[in-house]
Each structure stands twice: as structure tokens, then as C-alpha cells.
Amino acid sequence: MDRTGCAVVGGGPAGMVLGLLLARAGIPVTVLEKHADFLRDFRGDTVHASTLTLLDELGLADAFATLPARFIDRATVDLDAGSATFELSHLPGAHQHIALVPQWDFLEMLATEAQREPSFTLLRNAEVTGLLTERGRVTGVRYRDRTNPHEEHELAAKLTVACDGRGSTVREAAGLRPRSFGVPMDVYWFRLPRREDDPIGVVGRFSTGHVAVMLDRRDYWQCAYLIRKGSDARMRAAGIQTLRDEFAGLVPWTADRLDAIAGWDEVKLLDVRLDRLRRWYADGLLLVGDAAHAMSPVGGVGINLAVADAVAAARLLAGPLRARQEVTRAELRRVQARRWWPTALIQGGQRLAHRFVLGRTLAEKPSDRPTPAAKLPLPVRLLRRVPALQAIPGYLVAIGPLPEHAPSWARR
Ligand SMILES: Cc1cc2nc3c(=O)[nH]c(=O)nc-3n(C[C@H](O)[C@H](O)[C@H](O)COP(=O)(O)OP(=O)(O)OC[C@H]3O[C@@H](n4cnc5c(N)ncnc54)[C@H](O)[C@@H]3O)c2cc1C
């Protein structure tokens, strides 16, 4: 049986950052990623100021600069009654912006960098199917090579870390069940062509019964169209033209290109979830990122939170992994103790946004508002009246409550 110091399941943002950092600590680390590449459209695109600072600390600023990124220093939300802009120019530190970068490029960059470290291994096409256990302790993983699915492999590890996202196989195998919070929406995810004179960056649009967010991917828009949870079947029955018409009504300047959505095959339904594990660890096992706490797309903070979990885990566990044969439960608990409250705080904000903004907007019918949106919501009016307050949502989204910094041994 093969053996490693740390088996990291999943090569998303959490898994790749954890793999890179542990490898820089000289710890044998194997990342198992079930796909052959990172090229998947459903991944979010935002790399926030806190993660950009981390990349600087890791000496990856130059590598990041080669990626096709768009930098945004403000986000504008258009409501029927007017618009609200959130400025990032007040952020402390070197980055007063958020980068929009295709996540597959970002992950590929982290993989290239990690592969420079002799103790790092990335197994692609390696789908973890179960856990190895000994007297109740997780001692590694069982996986199959998707290019040869009939063969099962085993990898023994001092520590296994689940970074396999919100549908975590490892979490299921460990018998851990997250507490789930209600979510009012699902998301249709599709592309539209982008023209030279279109707006730049992130476009958010709210109107009676409808919400859309569009991410500028340079030559096309990645569009998120929010629908009420469970309304997919009704939408599909109504036909693709209904979706085009609704979107054109919401974002009229896209009307000239909505034929690009030729059919439902081009529209992906993303099931939005918000949940959190009570306990993020077991003997020999830690769970971080979406595997421990699935994030809503609100604020686009999931990637940065997953990265922050990974940095905290690497900093707290590199010493024990280097020094001993086992990592204790108390050491794993320290990772959860550090990352639980920023996660709970952000999820609390997302739940408020679901309940008081998105849920209500999606539930509205045109007849509910005879004079559409005569008034902007109170928080938005406050932000417009006192511009200094705009720094608060900007800070919470772009930096977050507990940004994690690279340990000295990982800096280059
Ligand atoms: C519609 C939508 C839009 C979003 N947009 C944004 C955004 O713009 N910005 C943002 O910050 N966040 C966004 N999020 C949230 C964000 O995508 C997640 O919070 C973030 O990706 C979590 O990172 P992770 O590394 O924990 O897990 P993931 O990114 O889910 O990565 C998990 C990895 O594990 C692999 N894997 C899964 N199972 C196995 C297995 N059995 N064996 C081996 N490998 C496995 C997967 O292939 C994947 O590569 C969005 C979420 C949704 C639902």
C-alpha cells in the first residue's frame, strides 16, 4: 500500500492551497482529485483581496499576474428605484479590488507551483470512494483511478483532510451530517457573448421577482439567474423562450444576444446549499472548505473561506505532522475553533440576505408593487447617504472577518 503524510481529498481551492502549504513545510502530501483537469464551469471566479494578499506572501504574485484576470474595485447593484455602489477603495493593504479569474486557471497555477515541491503529489482521475480505518481511527483512503475504474487503490496517511466540496464523499463515509439552513433559491448558470462596450466587472440586477448576477469573463458573460427553489420544472415546462424573455426584461441590454441560449442543454441548474458540520474532525480526519460548510454564492466568498481554512489547517498541523505519527483530536479541534466563528458569521450574513433580500425579491409579483420600488431598502439608503459606511460591506466581502496569512516557512 502507498503511504503519505497527509492525504488531501479534492483539488478545489481548499485542497490545492493545503497541498501547496504542507509541501512547503516538507510534509509528504498527496492531493487526490477525481477529475483529469480543473476545467469546470460551475466554479466561482472571485479571488478576493485577502487571498490576493496571501498569494503575495507565498511569492505567487507574478504567476497570478499571467492569468486572464479582471480586477474590480466596486460592485454596482441595480434596483428598480436606483443603484447602489460598494466601493473597495478604502480597503487596507495592497489590494483595493477583487480579481475575477477563471477558477481552472487559478487551480492550475497552484498545482504547477505545488509540483515544484518534492514532497507534493497530485493524483488526477483519483476518485476517493471510502476511508481506511483501524480501531475507529481514519488511516487513509480508498480510491479508484477513473482511467481504469476496475482497480481500487489504497493510500495510507497519518492524516486525511476532506476538501471534496459540498457533496463530500468523505463526510458521508465518516458518518458526519451537516446541519442544513433553508435557501430560497437555485441558480441557472449560462453564458452570453460579451461586447466591447458592455459594462466591466460584476453586474448585479434586482427587480420585482427576479435577480441576476453577471461575471465578466472578458469575451463572454457568465450569468447567474436566480430562480425560486424548486421552480426549475415549471420553468422548463414553460420553455426556453420564457427564460430569454425574463432575462431580457431584467437586463435589457442583453436582449440582442439571448439567442445564444439555444436550449436547456446550455443552462445548468445549480442547487444552492448552505450547511455546516457541528464537528469538523474525527480521529485521523479533518474536514475543511465546503465539505465542512457549504457556502451560498451570496458575496462570492466561498473560495476565499475555503482558502482561509486551508491556511489555518496547514499552520496549525504542519508541526504535529512533522513531529509525530499521529495528529491528536485536540490539534484538529484547534482548526475548527479558529475557523468556526468567521464561517458562522459569514453564513449568518448570507442567511439574512436570503431571508430579507433574495427570498423577498424572488417571491414578489409585479402586482405587489403598483409603483415599482418607490423606495430603496433602508440599508441601501444608509449606504448612499453615508459613503464612509460603504467600507463595511466592502471589507466583509473582500477581506472577511479573519483573514489568514501565510506562515513564515511557506513564504517565498
Ligand atoms: C452557483 C454558485 C456560484 C458560486 N460562485 C462563487 C464565486 O463567484 N466566488 C466564490 O468565492 N465562491 C462561489 N461559490 C462558492 C464556492 O464555489 C465554494 O464555496 C468553493 O468552491 C469551496 O471550495 P472547496 O475547495 O471547499 O470545494 P470545491 O471547490 O467544491 O472543490 C472540491 C473538489 O473536490 C473534488 N472531489 C469531489 N469529490 C471527490 C472525490 N470523491 N474524490 C476526489 N476528488 C473529489 C471535486 O472535483 C473538486 O475539485 C459559488 C457557489 C455556487 C453554488
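When a ligand or atom number is given, it counts from 1 through the structure's own listing order. Hydrogens, waters and symmetry mates play no part in the numbers below; they use all other heavy atoms, side chains included.
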Looking at ligand 1, does any of its N/O atoms fall within less than 3.5 Å of an N/O of [X]?
X: Val187; answer: no
X: Gly15; answer: no
X: His35; answer: yes

Measure the distances from the heavy atoms of Val272 to every atom of ligand 1 and state whether one is below 4.0 angstrom.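 Heavy atoms of Val272 never come under 4.0 Å of ligand 1.
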Is the contact between Lys34 and ligand 1 made by the side chain, the backbone, both, or neither, using heavy atoms and a 4.0 Å cut-off?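 The part of Lys34 near ligand 1 is both the backbone and the side chain.
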Ring-face cation contact, Tyr220 with Arg191, 6.0 Å cut, 45° max: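 Yes, cation above the ring, under 6.0 Å and within 45°.
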Looking at Arg3 and Lys158, would you say the former's side chain and the latter's main chain have a donor-acceptor pair under 3.5 Å?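 Not confirmed, Arg3 side chain does not pair with Lys158 backbone.
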Tell me whether Thr30 contacts the main-chain N or O of Thr121 through its side chain, where contact means a donor paired with an acceptor under 3.5 Å.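 No, because the side chain of Thr30 does not come within donor-acceptor range (under 3.5 Å) of the backbone of Thr121.
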Compare [options] and give the one whose heavy atom is closest to [atom].
atom: atom 16 (C) of ligand 1; options: Gly302, Ala306, Gly167; value: Gly302
atom: atom 30 (O) of ligand 1; options: Gly165, Gly130, Pro297; value: Gly165
atom: atom 18 (C) of ligand 1; options: Leu100, Asp309, Asp290; value: Asp290

Please lay out, stage by stage, how Leu274 and Gln347 fare under the test side chain to side chain contact (heavy atoms under 4.5 Å, CB included). CA-CA 8 Å; Leu274 187 68; Gln347 287 188 324; 3.9 Å; yes
With salt bridge (charged side-chain N to carboxylate O under 4.0 Å, His left out) as the criterion, how do Arg273 and Asp186 come out once you've worked through the C-alpha distance, each side chain's angles and the decisive distance to 0.1 Å? CA-CA 9 Å; Arg273 283 190 231 162; Asp186 287 323; over 6 Å; no
Against heavy atoms of Ala14, which atoms of ligand 1 measure under 4.0 Å?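 Once the distances to Ala14 are compared, the set is 25 (O), 26 (O).
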